[in-house]
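One structure is given here, and the rest of the page talks about it.
Because only heavy atoms are used, hydrogens play no part in the values below, and waters and symmetry mates are left out as well, while side chains stay in.
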Amino acid sequence: QATFWLSRVAFAVTATPTVDAPPRSKAAAALGTIAMSISLGSRAKEMIGGFPFASMLLCAWTAPIAAQAGEVSDLVWTAEMRNLKFDTLTEVQAVNLSVAYAEGIARVLGVPLADIADSEGHSGRVSVSAAPSMDSTTRHLDVKPGDKTPSVTEKNMPPLAPLQGVAYSALPCLDRMCGNHGLPSKDVAQIGYAMQWGPQGRDDLALMKSLGANSVRLYHSFGQGALGDHGAFLDHAQSLGLNTISGYNTDMSLEADKCMEFDCFDAWKAATLKGFNAGFKSGKAWHPAVAVLVLLNEPDNLENSEKCKALKTHEFGVAHCRVKAVLSAMDGVLAAEKQAGVDRGRVRITASWSFAVRKSIDDEVTGPGIYGFQDMVAAMADPGLVSYTPRTPVEELQEAFKERWVNSVNTRSPWKFVHDVISQEKYSKFLPTPWFIGEYGALGKPADIIEEDLQSMKQVAEEETGFLGVVFQQFQTANEKGGTENKFGLFSLGEQEIAETGRVCDDSSPCAAWPVRCLKIAQPGKVDRAAAVASAWEGSFSSANGEAQGLCGEAMAPPSKTTTTSASSAGAPTPSSTQVEVWTPPAGGPPPLDPIRGIAYGALPCTEHACGGQGLPSEDMLQVSYEGQWGAAGRDDLGTMRRLGANAVRLYHSFGLDVDRDHQGFLDRADAVGLNVFAGYHTENA
């Protein structure tokens with residue numbers, strides 16, 4: 001059963017399995033033949049007459065429905081869903097099904113995907129659950145936007161203090177630049193990475209929880225341009241009792257078209273609104289797991305950029321770049337909340353400053369980290385200090401700063417030194433605003449010192465006014481960065497592949513799937529930081545379900561190698577149930593064209609003329625939405641062509657239909673099995 005909202009209309013979509021067959025490994029493939037039962041409420045006539053989508057809805061459906069409009073209060077279109085046993089779907093597959101269902105509904109109704117929302121208010125998704133027993137395949141639900149569904153565990157989230165967080169930016173790279181394959185998306189909260197952080201995969205979040213963590217810090221949750229749902233990450237964090245400290249992509253501030261002269265209002269507002277549509281909003285509030293928003297990470301480093309050095313018009317010089325960026329970014333977030341009608345709830349806002357020694361913009365404070373605390377006090381009192389005119393009324397901006405701001409600083413220095421620099425006595429001028437350590441690197445420190453520092457931080461957070469706690473840097477070694485970044489991980493990647501990610505991508509990284517490897521606790525030649533953290537936080541290496549399932553070694557109980565894509569980053573196809581002999585070129589490149597043995601491909605999922613009057617689906621077969629047909633995890637049409645002896649596939653509508661979906665997966669699969677692609681343009685555009 002799927003439940004969703006369109007504007008003010010509630011729909012219930014229910015299907016009864018008609019074939020007792022288990023789903024395949026991918027939700028899109030498990031869905032099989034899609035059909036729906038959609039019910040409109042008793043105000044149907046009023047709604048059809050008053051909503052812009054009404055004419056499209058009637059055109060997309062059938063004449064008999066239009067004929068009924070004047071006779072009955074409920075309009076029903078009924079069909080069936082085949083080959084799906086919902087109770088056997090994994091959590092990741094259920095989320096993928098939720099998103100795929102929303103895309104299909106939006107296409108049928110002729111409305112933007114953002115207009116479809118689940119019963120919690122998440123745009124671009126529907127609420128999916130096993131259908132209850134009932135006499136009819138259609139029922140009416142008495143739900144309102146913002147109502148909770150049983151799919152999300154209701155759990156009171158822990159307070160921020162004492163903060164025991166882990167920084168999480170776990171890219172699936174074994175070496176610098178991922179072996180020259182290019183970096184995968186840095187937004188690790190997107191659904192494509194679920195096999196890393198989710199319960200059906202390595203379950204990194206559960207491992208953090210078992211170490212004693214109560215929070216997880218993210219860096220690129222907003223503004224990276226990642227595709228797909230983020231609500232599943234937040235749902236899982238909530239179910240474990242992990243607060244999320246969610247960060248914005250700081251690099252947006254350096255993009256000329258997003259932050260003109262470091263006025264980042266528009267960019268941060270847009271990123272926040274997109275985040276709401278991707279799962280960060282629940283009903284009329286932030287998702288319950290969201291505790292802190294990190295506007296920028298180490299914004300003081302902006303002054304080293306050529307963009308900042310080129311601005312020589314302001315009397316305060318380069319310092320105003322960092323302050324104006326943070327001030328305008330906060331303004332943008334507040335504007336996004338207001339536009340979306342999102343209540344601020346308990347969500348705090350911060351910027352994590354570096355521990356470099358700098359002078360505050362008003363010359364009042366000099367020292368590591370603490371200069372940034374004074375920067376914000378000065379800029380909030382007088383935004384003109386950085387030549388900024390807030391779009392939010394100044395009084396509202398100042399009130400938000402007073403009620404929601406929290407200071408934070410990143411450091412690799414020992415805790416005793418940090419505590420002395422930002423002591424209670426020196427920090428008293430900033431109270432009642434609290435502060436926390438956004439990254440505690442403990443570079444080169446032995447395990448006993450790390451444990452002692454973390455225990456002391458916890459004690460101070462419990463006893464002193466103002467200090468919240470610490471985020472430990474970091475969950476996994478940053479192999480993709482190299483250098484000293486390899487020294488901060490609690491865990492490192494092993495060689496064993498235990499699963500595969502879904503397709504992950506963003507504005508700067510092409511869509512691809514990557515291996516999910518096991519995690520090593522002991523790092524040869526390095527300090528056992530994980531053991532130190534677990535001891536300090538009274539945790540262990542056991543997950544909520546027993547042993548930590550993502551750890552390497554014979555004792556590991558690896559998750560099933562479920563995949564949601566057709567090819568890995570290196571082009572190696574995911575095996576299908578019928579083995580395909582993969583063509584391997586002797587020196588790289590596609591097979592020769594002479595002689596051509598091609599097959600024309602326009603395989604629409606219709607069993608009768610005009611798809612039974614439902615309207616034709618998209619004719620662009622390359623898009624990822626059809627992966628269940630041509631991909632290795634589904635029917636694998638491309639593999640079948642290759643087995644027939646083909647060396648090429650011809651397509652007809654690859655360009656010109658303006659389909660905003662990934663197409664690289666098709667090309668990757670064609671390349672993997674050895675098929676040249678003859679990509680066609682949509683001729684009707686001529």
Consider only side-chain N and O atoms of H236 and D203, and report whether a donor and an acceptor are under 3.5 Å apart. yes
Which heavy atom in V377 sits nearest to a heavy atom in F401, and how many Å separate them? N-CZ, 4.2 Å
Say whether D187 and Q190, considering side chains only, have a donor N or O and an acceptor N or O under 3.5 Å apart. no
Note, E500 side chain near M195 side chain (heavy atom, < 4.5 Å): no
Closest heavy-atom pair and its distance - R358, E303: NH1-OE2, 2.9 Å
Check for a donor-acceptor pair, side chain of T501 on one end and backbone N or O of W514 on the other, with a separation under 3.5 Å. yes
Distance, nearest 0.5 Å, that separates NZ of K429 from CD of Q374: 4.0 Å
Show your working on side chain to side chain contact (heavy atoms under 4.5 Å, CB included) between C505 and Q664 and close with a plain yes or no. CA-CA 11 Å; C505 47; Q664 184 174 336; over 6 Å; no
Does P159 offer a backbone N or O that forms a donor-acceptor pair with the side chain of R346 under 3.5 Å? no
If we ignore angles and hydrogens, is there a donor and acceptor under 3.5 Å between the side chains of D362 and S360? yes
Mind checking whether W435 and F467 have parallel, tilted or perpendicular rings, split at 30° and 60°? tilted
Atom of V504, atom of G192 and distance for their closest heavy-atom approach: CG1-C, 3.4 Å
Hey, could you give me the CZ/CZ distance between R529 and F472, rounded to the nearest 0.5 Å? 3.5 Å
Would you check if the side chain of D251 reaches a backbone N or O of Q224 as a donor-acceptor pair within less than 3.5 Å? no
List the steps and the verdict of side chain to side chain contact (heavy atoms under 4.5 Å, CB included) for W405 and M330. CA-CA 10 Å; W405 190 259; M330 181 174 178; 3.9 Å; yes
Here's one to test your reading of the geometry: is the NZ or CZ of K186 within 45 degrees of the ring axis of Y219 and under 6.0 Å from its centre? no
Q476 side chain near L519 side chain, heavy-atom distance below 4.5 Å: yes
Treating D331 as the side-chain partner and R391 as the backbone partner, does any N or O pair qualify as donor plus acceptor under 3.5 Å? yes
Is the shortest side-chain N to carboxylate O distance from R344 to E337 below 4.0 Å? no
What is the distance from atom OH of Y388 to atom NZ of K324, rounded to the nearest 0.5 Å? 8.5 Å
Taking atom CD of E403 and atom CZ of R348, what is their separation to the nearest 0.5 Å? 8.0 Å
Any sub-3.5 Å donor-acceptor pair from D229's side-chain atoms to I191's backbone N or O? no
Test of understanding: with side-chain contact (heavy atoms from CB on, under 4.5 Å), list the residues that count as partners of S352, not counting sequence neighbours. R217, V294, N297, S408, N410
Short question: side chain of Q164, backbone of G469 - any donor-acceptor pair under 3.5 Å? no
Taking C-beta and beyond as the side chain, do I245 and T350 meet within less than 4.5 Å on heavy atoms? no
Heavy-atom side-chain proximity of S246 to H230 below 4.5 angstrom: no
Crowding at NZ, K402 (>12 non-hydrogen neighbours, <6.0 Å): no
Taking the side chain as every heavy atom from C-beta outward, state whether F475 and W197 have any pair of such atoms under 4.5 Å apart. no
Nearest-0.5 Å distance, CD of residue Q473 to CD1 of residue I437: 12.0 Å
Only one of V216, L490, V471, L205 passes side-chain contact (heavy atoms from CB on, under 4.5 Å) with V166, and that residue is L490
Is there a side-chain contact between M376 and F430 in this structure, where contact means two heavy atoms from C-beta onward sitting under 4.5 Å apart? no
Non-hydrogen atoms of G369 and V409 that approach each other most closely: CA-CG2, 3.7 Å
Please test M457 against V418 for side chain to side chain contact (heavy atoms under 4.5 Å, CB included), starting from the C-alpha separation and ending with a verdict. CA-CA 11 Å; M457 291 180 204; V418 176; over 6 Å; no
Would you please classify the geometry between the F280 ring and the F222 ring as parallel, tilted or perpendicular, with 30° and 60° separating the classes? tilted
Can you name the closest pair of heavy atoms from S508 and D506 and give their distance? N-OD1, 2.8 Å
Side-chain donor/acceptor of K269 to backbone N/O of Q339, under 3.5 Å: no
For I361, does its backbone N or O pair with a side-chain atom of Y371 as donor and acceptor, under 3.5 Å? no
Kindly determine whether L160 and F436 satisfy side chain to side chain contact (heavy atoms under 4.5 Å, CB included), including the steps that lead there. CA-CA 10 Å; L160 271 180; F436 69 93; over 6 Å; no
Please check if the side chain of T244 supplies one atom and the backbone of A289 the other of a donor-acceptor pair under 3.5 Å. yes
Flag side-chain contact, heavy atom, 4.5 Å: K426 against I422: no
Would you indicate whether the side-chain heavy atoms of Y248 and W268 approach each other to under 4.5 Å? yes
Under 3.5 Å: donor-acceptor pair, side chain of T477, backbone of G489: no
With sequence neighbours left out, write down each residue that passes ring pair (Phe, Tyr, Trp, His ring centres under 6.0 Å) with F265, or none if nothing qualifies. none
What's the shortest heavy-atom distance between Y427 and T433, and which atoms? OH-O, 2.7 Å
Distance (rounded to the nearest 0.5 Å) between T392 OG1 and K338 NZ: 5.5 Å
ring-ring contact (aromatic ring centres under 6.0 Å, His included), that's the test. Do W415 and Y440 meet it? Break it down for me. CA-CA 8 Å; W415 163 241; Y440 168 68; 8.2 Å; no
